[in-house]
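All values derive from a computational prediction rather than experimental measurement. Starting from 1, each residue takes its place in the sequence as its number.
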Amino acid sequence: MTGPAIAGAAVPSGILILGAAKSGTTALFYAVRNALTEGLGLRVEGLFEPRSPDDIRRYLRRSPDEVRLVKALLAPMLRRSMRFTDLFDRRIIIFRDPRDNVVSRLVFMLKNIIPLTEPEKIEAVLDLLRRKERDPESLSVVAIISEIARLSGRPDLLENVRGNAVLPARMKQERGGEFFLMPYDDLVAENFGPLSAYLGFPVSGGYRTEPRHAYVARRKESGDWRNWFLDEDVRYFATEVADAYRLLGFDPDERPAEHRHIPPSTCSEYAAAQFERVREKRRQQRAALRERERRMGHGPGLSAGAAV
C-alpha cells in the first residue's frame, strides 16, 4: 500500500522510526515530519512514543494523517510484540555508539527514577554528577549508576542501561533485513542522502523540534563517552558485549581520552533542569486542576459536596 503521489512519485503510506532511548529518535521524527509537511505539503501530525503496539494500531486505523508516521522506543515495544512493524512500508532503526548512549541516558533518566518527593536523594545524585565533573577519574559510570540503583531501589538498573544501549544490535541480528539502519552520526552531520533514497523523498536539516520535546537534546554529538569512561566502564559496557559493538560497526576496544572534560551544562545542570521541568509540569497540572474546580463551583474554601 502506498500513500499520496507527489510529482508522480509514490510516497510511503506508513513510516516507522525505532531506536533505543537517547539515540536520536526525536530529532529524526521531526526531520522526517518536516520533510513531509514543509517539503511535500502533506498533513502529518504523527504518533510520538506510543506506550504499546495497540496504541499504534489505533493510530493507523483512526488518524487522518496523509502519511502515518510513528516514532517508538525499542525497549517497551520489544516487551510486547513487534508484529505491528509489518503495517509500515518504510521502517527505520537509528543507532548510536552504545557508550554514548549509556552516558546520555544516565543524565536523562534520573527524573524518571528519583521521585520529586525525595529531594535528599535528588541532591545526592546531583552531587555524584558534580563530583564527576570536578574530577572525571574519581568515579566510574558503573559506580554512579550502581549508586543510583541503590537510591532508587532498582537493583537491575545497571544491566538495563547496558541492555538498552545494545538493543539495535539485537534488532540487526534478528531482523536487520527488514529495516533501514541509520547511524546517529549521519543525523548529527545531516547526511540524509541514504535515508532520502530509502524513503523516496528528500529529508534535510533545518527542521524544528516542538518546544514540548526540545528538552530531550543534550550535546548532539558523538564521542562524549571518552570523557566519562574508566577502565571498569570499558569492561562492563563494551568488552563484555563486544559482539554487539562489532555488529553495529564500533570498536569495543577503543580507549577513553587521556585528558577529560565534563561541562556542568551537559551533566549536573542538565539533570537538574530535567527535575525542574517535571516540577513545573506538576505545578501547571495542579493549577489547571484548581481552575477546573473553580469553574465547577468548587472554589477555594468550598468542598466538593458544597457545590450545587
Side chain Y59, main chain L69, donor-acceptor under 3.5 Å: yes

What pair of heavy atoms forms the shortest contact from I114 to S152, and how long is it? CD1-CB, 3.9 Å

Is I148 linked to L230 within one hydrophobic cluster, defined over Ile, Leu, Val, Met, Phe, Trp and Tyr using a side-chain heavy-atom separation of less than 4.5 Å? no

Distance (rounded to the nearest 0.5 Å) between E232 CD and L139 CG: 10.0 Å

May I ask you to check whether F95 and Y184 place their ring centers less than 6.0 Å from one another? no

Taking the six-membered ring for Trp, are F48 and F29 parallel (under 30°), tilted (30 to 60°) or perpendicular (over 60°)? perpendicular

How long is the straight-line distance from CD of Q274 back to CG of L110, given to the nearest 0.5 Å? 9.0 Å

What's the separation between atom CG in L187 and atom OG in S23, rounded to the nearest 0.5 Å? 9.5 Å

pair V70-I15: side-chain heavy atoms closer than 4.5 Å: no

Is S63 reaching over with its side chain to a backbone N or O of L60, donor-acceptor style, under 3.5 angstrom? no

State whether the side chain of D233 and the backbone N or O of S140 hold a donor-acceptor pair below 3.5 Å, judged by distance alone. no

Can you find a pair of side-chain heavy atoms, one from M109 and one from L157, that are under 4.5 Å apart? yes

E291/R286 salt bridge by N-O under 4.0 Å criterion: no

Does the plane of the ring in F180 sit parallel, tilted or perpendicular to the ring in Y198? Use 30° and 60° as the thresholds. parallel

Nearest 0.5 angstrom please: D135 CG to I262 CD1, how far? 9.5 Å

Using modelled atom types only, decide if a donor and an acceptor are shared between the side chain of R91 and the backbone of T85 within a distance under 3.5 Å. yes

For a side chain to side chain contact (heavy atoms under 4.5 Å, CB included) check, start with the C-alpha distance between V203 and L199, then their side-chain angles and the critical distance, and finish with the verdict. CA-CA 9 Å; V203 179; L199 292 175; 3.8 Å; yes

Is it the case that the side chain of N164 and the backbone of A20 share a donor-acceptor pair, with hydrogens and angles ignored and the cut-off at 3.5 Å? no

Are L73 and F179 in one and the same hydrophobic cluster, where Ile, Leu, Val, Met, Phe, Trp and Tyr link if side-chain heavy atoms are under 4.5 Å apart? no

Do we get K22 above F108's six-membered ring, with its NZ or CZ under 6.0 Å from the centre and within 45° of the axis? yes

Hydrophobic clusters here meaning ILVMFWY residues chained together by side-chain heavy-atom distances under 4.5 Å, can you tell me if L247 and L74 are in one? no

How long is the gap from CG on L36 to CZ on R68, to the nearest 0.5 Å? 12.5 Å

Ignoring hydrogens and geometry, is there a side-chain-to-backbone donor-acceptor pair from R33 to E45 under 3.5 Å? yes

Side chains of I92 and L195: closer than 4.5 Å at any heavy-atom pair? yes

Tell me whether the guanidinium CZ or amine NZ of R162 lies under 6.0 angstrom from the six-membered ring centre of Y236 and within 45° of its axis. yes

Between L151 and V125, is there a side-chain heavy-atom distance shorter than 4.5 Å? yes

Apply the side chain to side chain contact (heavy atoms under 4.5 Å, CB included) test between V166 and each candidate in N101, V102, V241; give the one that qualifies. V241

If you round to the nearest 0.5 Å, how far is CZ of R260 from CD of E137? 4.5 Å

Quick check: are there more than 12 heavy atoms from other residues, nucleotides or ligands sitting under 6.0 Å from CD of E118? yes

